[in-house]
Protein chains: 2
Amino acid sequence: MDNPAILEQPYITITNIIWSFDRETNQLQVLLVKRASNPYADYWALPETFMRAQESADEAALRLVKEKIGLTLSNYHTEQLATFTHNDRAPGERALSLAYMTFLPEMPPLKAGYGALDAHWFTFSATEAGQFSLTYRQLHFLTATSHSQHSYYKHFEIARGRDYLAFDHDWILKVACQRIKNKLNYQPNILLVLGHDFTLKEARTVYAAFFGIPVKAIDNSNFKKTHQHLFKEVGTTTRRQIGRPAKLYKLAQIEE
Amino acid sequence: MDNPAILEQPYITITNIIWSFDRETNQLQVLLVKRASNPYADYWALPETFMRAQESADEAALRLVKEKIGLTLSNYHTEQLATFTHNDRAPGERALSLAYMTFLPEMPPLKAGYGALDAHWFTFSATEAGQFSLTYRQLHFLTATSHSQHSYYKHFEIARGRDYLAFDHDWILKVACQRIKNKLNYQPNILLVLGHDFTLKEARTVYAAFFGIPVKAIDNSNFKKTHQHLFKEVGTTTRRQIGRPAKLYKLAQIEE
DNA sequence: CTTATTAAAGTACTAATTACTTATATTAGA
DNA sequence: TCTAATATAAGTAATTAGTACTTTAATAAG
């Protein structure tokens, strides 16, 4: 094998797209951190870390999750997305990025962690054309002016196409979207953001988010017929709410 | 970002699964090299190289192709497969492997290249269960014994499950098979081994190889109906052969 | 007990897939 | 040149899967 002196050994970065689901708003969430240092200081970015000597990339990706949300979670699923290697993807340095995705079964509070000024869940929404946006709502309570006793939402919007995200992270997210959409009909691991089991409506909500259409646009009965082979009935929801209780399903995991 | 001293910077290896198609035997081919040095000296392996400072991984993968087959080819397609990072995948050292696949439109003669004692095209065949084997036929002409003026085939067979391939290359190949099979119904780039255009029968031959079934088991008429949206008619074959001439198709490339 | 609500279950229609048959374009040989 | 053999295109009927829509069932609230 050719073994040239490797003059500039690149940084090996693990980038993890951490997905979750907000059960109050029924919206998909992506974890972003505000970078503390250069390059791209103050930019929102996907969580990243350097790989350590004794760990595999998968372990490093999980370490990122633990760092941001603590060790309380036991139930998560991580899979590899792709590796990004273009030599101009980081300014002034050579950095490979091994990108992963983690699907969290809940939406825990966040810690900024090392190298980050801030960390937040951003609401993910896609358009029918395959574009997406990430929005972070910060609630502000005003004091005694015209908006007194009201609240308003301050929106930070990160749209693909503008370079609001650090590095090539908008591109990485686009690849992630495409991968998830492609797998929706044979291995919809994204549904793990719903936890161990889920109702068909919850599943349709996630699907609709990626197609950029309202949940209503996916018929429940037909969705069941076409996706039943992917799901396994595990009971009925015990949530006390108006209307007939929904059945619960889990993923009938397909081996890769 | 946390930046611990990276004590043991791992080797960054590019591994390329180079596919082609033998038009004489109508069989899929995979390029393997016999390793010259440790680890795994004398073992058959997928072609590998170290990434260089100024190139991206994609470029390194293409460099491997050029090294094995020369610069004569202009028409090839390379895509990323996955990255393999387990810390025990190479004995006594830490080596990441960024795995790629290249689909060559012909089956050119090979050069061993740096670090290799030998290089050969191995015939790929899969079973219905998803297993596969790689076989290399070396033609021997005997001299004046009982087999005089006859030839026989000496088979070197590399079966998955036995560790005949270096490193985790049998596993990498298994991942490759699965990926190709998954994409067969929406982005069958593997058909690029057939060149710019191909007949439906040739396409069915490639599909059949991955399903481990005979070509006859795939009905031409039905195959056309179900895959027509992936292909674009580009004319009729000019090859002089018995029977009605087949139409030629090319891939109607779907953007990823 | 009734109504509103939610989701499951069913139904009729349409599109896609499958198994099979027929038609067509070519070469080889009488 | 005519016929047989061959290879592939093209067509057909039956089945299966997918879609739009309707009905039934289970629950909470009043």
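Source: prediction; values computed, not measured.
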Along nucleotides 12-25 of chain C, 5' to 3', which nucleotides get a B, which get an S, and which get a -, given that the test is a protein heavy-atom distance under 4.0 Å?
-----SBBB---BB
Is there a side-chain contact between [X] and [Y] (heavy atoms, below 4.5 Å)?
| X | Y | result |
| --- | --- | --- |
| A:Val33 | A:Asp118 | no |
| A:Leu165 | A:Trp171 | no |
| B:Phe21 | B:Thr205 | yes |
| B:Thr15 | B:Phe84 | no |
| A:Tyr207 | A:Ile190 | no |

Above 12 or not: heavy atoms from other molecules or residues under 6.0 Å from NZ of A:Lys201?
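For A:Lys201, atom NZ is not crowded (no more than 12 foreign heavy atoms under 6.0 Å).
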Of all of residues 192-214 of chain B, which get a heavy atom below 4.0 angstrom from DNA chain D, listed by number?
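The stretch gives B:Lys201 as the residues lying under 4.0 Å from the strand, ordered by number.
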N/O donor-acceptor pairs under 3.5 Å from side chains in residues 212-223 of chain A, not counting sequence neighbours:
residue: A:Asp219; atom: OD1; partner: A:Ser221; partner atom: N; Å: 3.0
residue: A:Asp219; atom: OD1; partner: A:Asn222; partner atom: N; Å: 2.9
residue: A:Asn220; atom: OD1; partner: A:Arg204; partner atom: NE; Å: 3.1

Indicate yes or no for a side-chain donor-acceptor contact from B:His169 to the backbone of B:Ala45 under 3.5 Å, with no hydrogens or angles considered.
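Between the backbone of B:Ala45 and the side chain of B:His169 there is no qualifying donor-acceptor contact (under 3.5 Å).
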Do A:Trp121 side-chain atoms and A:Pro108 backbone N/O form a donor-acceptor pair below 3.5 Å?
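Confirmed, A:Trp121 side chain pairs with A:Pro108 backbone.
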First of A:Asn220 and B:Thr236 reached from the 5' end of DNA chain C, by closest nucleotide
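Checking each residue's closest nucleotide, the 5'-ward one belongs to A:Asn220.
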Going 5' to 3' along DNA chain D, between which two nucleotides do contacts with chain A fall, using a heavy-atom cut-off of 4.0 Å?
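Listed 5' to 3', the contact boundaries are D:dG18 to D:dA28.
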Indicate the ring-plane relationship of B:Phe122 and B:Tyr136, choosing parallel, tilted or perpendicular according to the 30° and 60° boundaries.
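B:Phe122 vs B:Tyr136 ring planes: tilted.
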Establish, yes or no, whether a centroid distance under 6.0 Å links the rings of B:Phe124 and B:Phe210.
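That pair passes the under 6.0 Å test.
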Using distance only, find each side-chain donor-acceptor pair of residues 99-107 of chain A under 3.5 Å and give its atom names and separation, not counting sequence neighbours.
residue: A:Tyr100; atom: OH; partner: A:Gln80; partner atom: NE2; Å: 3.2
residue: A:Thr102; atom: OG1; partner: A:Asn16; partner atom: OD1; Å: 3.3
residue: A:Thr102; atom: OG1; partner: A:Asn16; partner atom: ND2; Å: 2.9
residue: A:Thr102; atom: OG1; partner: A:Thr78; partner atom: OG1; Å: 2.8

What does the list of N/O pairs under 3.5 Å between the protein and nucleotides 28-30 of chain C look like, with a distance for each?
none

Salt-bridged, B:Arg179 to B:Glu79, with N to O below 4.0 Å?
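A salt bridge is absent here (no side-chain N lies under 4.0 Å from a carboxylate O).
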Rounded interatomic separation in angstrom, taking CZ from A:Phe223 and C1' from C:dA7:
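In whole Å, C:dA7 C1' lies 14 Å from A:Phe223 CZ.
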